[in-house]
Amino acid sequence: MTDYDIHTDVKFEPLTLIDVDAEAASHEPWFNQTLTQVNDTVVRLGVLEGDFHWHKHDDQDEFFLVVEGRLLIDVDNGGTVTLEPHQGFTVPRGVVHRTRAPVKTSVLMVEAAGVGPTGD
């Protein structure tokens with residue numbers, strides 16, 4: 001099983017410049033850090049490589065935006081979506097899914113504050 005290095009604390013307060021590339025470069029897979037909170041949502045940085053486990057979020061949607069690398073999102077009974085840099089995809093609440101990164105990949109995720117990154 002992969003060890004996940006997950007940090008749900010908000011690292012950057014409002015009015016702070018966030019250098020996403022520098023943050024991503026300073027971490028190895030599997031790393032997940034809440035960068036900032038915007039109203040009732042958070043923006044998280046994921047540095048991924050390999051497969052994440054199947055999971056779902058019962059009450060919240062989840063948005064992925066690839067910054068660097070390639071991200072595959074497998075959706076239960078729905079095939080696979082491949083995201084290249086600067087492409088995004090939303091997984092609706094309640095949908096079982098997993099992410100896979102064939103190479104080291106940096107991704108921004110937007111979801112409700114308080115959502116557990118590993119699913120329900």
Side-chain angles (χ1 to χ4, degrees):
M1 178 172 165
T2 301
D3 291 325
Y4 305 129
D5 185 10
I6 297 173
H7 304 267
T8 57
D9 59 302
V10 174
K11 185 168 184 178
F12 298 99
E13 295 299 324
L15 301 175
T16 304
L17 176 70
I18 303 170
D19 186 336
V20 173
D21 288 338
E23 284 295 311
S26 66
H27 297 286
E28 293 300 318
W30 280 83
F31 176 79
N32 185 307
Q33 171 71 58
T34 299
L35 295 178
T36 192
Q37 184 164 343
V38 181
N39 299 316
D40 295 332
T41 63
V42 292
V43 179
R44 292 190 169 122
L45 169 67
V47 179
L48 321 171
E49 188 170 9
D51 299 352
F52 200 63
H53 65 272
W54 287 95
H55 68 285
K56 64 184 172 72
H57 305 281
D58 290 326
D59 300 318
Q60 305 297 330
D61 302 335
E62 185 174 22
F63 175 75
F64 297 88
L65 176 69
V66 173
V67 176
E68 184 176 353
R70 176 179 296 124
L71 185 69
L72 288 79
I73 302 174
D74 298 322
V75 179
D76 191 31
N77 297 324
T80 300
V81 174
T82 301
L83 300 178
E84 302 292 340
H86 311 288
Q87 292 182 323
F89 184 76
T90 300
V91 177
R93 67 194 77 191
V95 173
V96 177
H97 63 284
R98 72 170 177 172
T99 56
R100 296 183 288 130
V103 297
K104 184 177 178 183
T105 298
S106 303
V107 59
L108 292 176
M109 296 159 285
V110 179
E111 54 198 4
V115 167
T118 58
D120 295 329

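A 4.5 Å side-chain heavy-atom check between W54 and D76 finds at least one atom pair inside the cut-off. Counting heavy atoms from C-beta outward, D74 and R98 have side chains that approach closer than 4.5 Å. Within the 4.5 Å cutoff, the side chain of V110 has no heavy atoms near those of the V42 side chain. In this structure, R93 and D59 have side chains that are not in contact, with every pair of non-hydrogen atoms separated by 4.5 Å or more. Side-chain contact between H27 and H7 is absent, with no heavy atoms from C-beta onward closer than 4.5 Å. P102 is listed as a side-chain neighbour of L72, based on a closest heavy-atom distance under 4.5 Å.
The one candidate from L71, V47, V67 that meets the side-chain contact (heavy atoms from CB on, under 4.5 Å) condition with V107 is L71.
In this structure, L65 is not a member of the same hydrophobic cluster as V75, with clusters built from ILVMFWY side-chain heavy atoms closer than 4.5 Å. Under the 4.5 Å side-chain heavy-atom criterion for ILVMFWY residues, a single connected hydrophobic cluster contains both V66 and W30. Note on M109: it clusters hydrophobically with V95, by side-chain heavy-atom contacts below 4.5 Å among ILVMFWY residues.
With hydrogens and angles disregarded, no donor-acceptor distance shorter than 3.5 Å links the side chain of Q33 to the backbone of A24. In this structure, the side chain of T90 does not engage the main chain of F63 through any donor-acceptor pair within 3.5 Å. The closest donor-acceptor contact from the side chain of Q37 to the backbone of N39 lies under 3.5 Å.
Here E28 contributes atom CD and L48 contributes atom CG; the two are 12.0 Å apart, rounded to the nearest 0.5 Å. Note: T99 OG1 to L83 CG = 10.5 Å, rounded to the nearest 0.5 Å. From F64, atom CZ reaches atom CD of E111 across 7.5 Å, with rounding to the nearest 0.5 Å. To the nearest 0.5 Å, the span separating CG on N32 from CG on L45 amounts to 7.5 Å.
Sparse packing is recorded around CG of N77, with 12 or fewer heavy atoms of other residues, nucleotides or ligands lying under 6.0 Å away. The environment of R100 atom CZ is dense: over 12 non-hydrogen atoms of other residues, nucleotides or ligands sit within 6.0 angstrom.
K104 and E68 are not joined by a salt bridge, as no carboxylate oxygen comes within less than 4.0 angstrom of a charged side-chain nitrogen.
For the pair T105 and A101, the tightest heavy-atom approach, listed with the atom from each and the gap, is OG1-CB, 3.6 Å.
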Handout entry: Verdict with reasoning, T36 to T16, per side-chain contact (heavy atoms from CB on, under 4.5 Å)
Key = CA-CA 9 Å; T36 192; T16 304; over 6 Å; no

Handout entry: side-chain contact (heavy atoms from CB on, under 4.5 Å) between R44 and T8, intermediate numbers included
Key = CA-CA 8 Å; R44 292 190 169 122; T8 57; 4.1 Å; yes

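For H97 and F89, the ring centers sit 6.0 Å or farther from each other.
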